[in-house]
Amino acid sequence: MVRRRSRLSRSQDFQRVYRAGRSVANRYMVLYFFPQAADQAQKETSAGAQTARVGFSVSKRLGSSVTRNKVKRLLRESFRSLEGVIKPGFDLVFIARTDLGPLVEERGLEGVRGKMVEVLRKGSLWSEEGDGRL
RNA sequence: AGAGCAGCCCGGGCAGCCGCGGCGGGGAACGGGAAACCGUCCGCCCGUCGAGGAAAGUCCGGACACCGUAGAGCAGGGUGCUGGAUAACGUCCAGCGGGGGAAACCCUAGGGAAAGUGCCACAGAAAUGACACAGCCGCGGCCGGCAACGGACGUUGGCAACGGUGAAAUGGUGCGGCAAGAGCGCACCGGCGCCACGGUGACGUGGCGGCCAGGUAAACCCCACCCGGUGCAAGGCCCAGAAGGGGGCGUCUGAGGGUUGCUCGCCCGAAGCUCCCGGGUUGGCCGCAGGAGGCGUGCGGCAACGCAGGCCCCAGAUGGAUGGCUGCCCACGACAGAAUCCGGCUUACAGGGCUGCUACUGCG
RNA sequence: UGCCCCGUGGUGUAACGGCAGCACGACUGACUCUGGAUCAGUUAGUCGAGGUUCGAAUCCUUGCGGGGCAG
């Protein structure tokens, strides 16, 4: 899980990222991203560390609540392991597509993580020091 | 041991590391204060708790909350053998009747068809005020024949057994009886009514009478009992924001509204109400988890369950927490994720364990 | 989360409890040099499982699938 402070928690936040942000995608997921709002960035800098905030969207098309939870947990776990190497100061929304369900069943965390890295590279959200750490 | 039946229980385990949510404590920061201390907040540390037997479907029943009162009648909905259990139920327990099975046992919406109405396709003479198609018997004359008898015809005579139809045709089988027949008589069976006995009762057993009564009420309906409506997005509090314009009716001779669909009744309304257009609201807190609560003990009861006292506290999120990795073991892990709570029902489910019972076979 | 509604061939729709029809489509054949149009024929359905009834698309119970409303 990601800490609460680093989660998108309002429908407003989601709407802003969808409307104003850019999107990149592959077969398994869509990523929307947008620079954080000014007041939010202000607070972050005053607190010291600037981090990305993230939200996940898994619709009922993926299956029952059990499979949806499974998908969401693997997305969170993938993000957690990649958090340090993502460019700071962005709000991110990951949307699971229908093909992600079978991927979770067959490949597990490793598969989801790989596809997330792919999407982040497409969106140029990969920070330079990230390459060294991977 | 194999086969079957019923009931109950479990739903991967252990260890390590990283991560998440609630609660408690520590610590830090900020604010207030002279201080003690108080409040707010957290990205750090420690402790502790953290999905299910179905959390599911939303099919029933409640708790709880609100609705200017929830009252009457009609309408509407539900339930339907008997007795009990329960907060309540369409649930559960114990029985009764019916059906199935060799048995253990299983299934059963199972009140009323002599209150009324409707329907019973096709076939069949006829489908419910059943009354007759083919036919059987009697009687009458005619024809054939020596006769017995046969044939066709007539009949304001008798009959309903036999034939064919159908899911179903005024009970079934046998004997007697008769011109032919028929509960016409008798025996047994089935159904109905009355009486006696047993049982709280559904009902059972026995006796007597007599043959009158098609099915369908998960068709309308009748009878008995039950049901106010809306649902935690209920509802309450705090903060913030907002813009008004036009029309209609009325100010005690009362507009308008609420009350379940209608009617009545009741209530609100001494001044506003209502319609149209336009504008604002997608913040926070409470409700929210100590309950018809679990576990074991004793007593009462066949049981469901009740009573008494003991121990325990066991999720509480709000874009919504249980995940990832590693090792070991095994039966190699199914169906599946809380969102106000509880009691049931139904449906899905890898596999495993325990107890009791039934008939047969094998072994001792 | 709560409440409400619907389900008939591939599609759109009918059917007092009594043989499941109709239109479009698809396929085959005829007509034509070929296609279209036309004509003839064929295909294929009551969402699943139980129950009531002599008999169920219809009535009852239960499941499945789809849709709508409420901040």
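Note on naming: letters A, B, ... go to the chains in the order of the sequence lines (proteins, then strands), and numbering restarts at 1 for each one.
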Closest non-hydrogen atom pair, [X] against [Y]:
X	Y	result
A:Arg27	A:Arg97	O-CD, 3.7 Å
A:Lys115	A:Asn26	O-ND2, 3.5 Å
A:Leu109	A:Ser78	CD1-OG, 3.5 Å

Requested in this report: Could you tell me whether the phosphate oxygens of B:G319, OP1 or OP2, come under 4.0 Å of any side-chain nitrogen or oxygen in A:Arg53?
Outcome: no

Query raised in the report: Can a side chain N or O of A:Lys72 be found less than 4.0 Å away from OP1 or OP2 on B:C20?
Result: no

Query raised in the report: Which nucleotide, in any strand shown, forms a Watson-Crick or G-U wobble pair with B:C325, with both distances under 3.5 Å?
Result: B:G16

Query raised in the report: Given that both distances must come in under 3.5 Å, which nucleotide forms a Watson-Crick or G-U wobble pair with B:U82?
Result: B:A94

Collect all protein-nucleotide pairs involving nucleotides 332-337 of chain B in which both atoms are nitrogen or oxygen and the distance is under 3.5 Å.
| from | atom 1 | to | atom 2 | distance (Å) |
| --- | --- | --- | --- | --- |
| B:G337 | OP2 | A:Ser65 | OG | 3.1 |
| B:G337 | O5' | A:Ser65 | OG | 3.2 |
| B:G337 | N7 | A:Asn69 | ND2 | 3.1 |
| B:G337 | O6 | A:Arg73 | NH1 | 3.0 |

Query raised in the report: Does the side-chain ring of A:Phe14 sit on the six-membered ring of the B:G319 base, less than 5.5 Å centre to centre and under 30° in tilt?
Result: yes

Which whole number of Å gives the distance between the [atom1] atom of [N] and that of [M]?
N	M	atom1	answer
B:G172	C:U62	P	43 Å
B:G118	B:A217	C1'	12 Å
B:A233	C:A70	P	16 Å
B:G306	B:C20	P	46 Å

Report summary line: Closest to the 5' end of RNA chain B, once A:Tyr18 and A:Leu74 are matched to their nearest nucleotides, is A:Tyr18

**Report entry** Contacts of type side-chain contact (heavy atoms from CB on, under 4.5 Å), residue A:Ser81, not counting sequence neighbours
**Finding:** A:Arg113

Query raised in the report: Could you spell out the base pairing of RNA chain C in dot-bracket, with Watson-Crick or G-U pairs whose two distances are under 3.5 Å, [ ] crossing and | to another strand?
Result: (((((((..((((....[..)))).(((((.......)))))....(((((..]....)))))))))))).

Requested in this report: Measure the shortest side-chain to side-chain distance between A:Tyr32 and A:Asp91 over non-hydrogen atoms and say whether it is less than 4.5 angstrom.
Outcome: no

Report summary line: Taken to the nearest whole Å, CZ/A:Arg76 to C1'/B:C18 is 16 Å

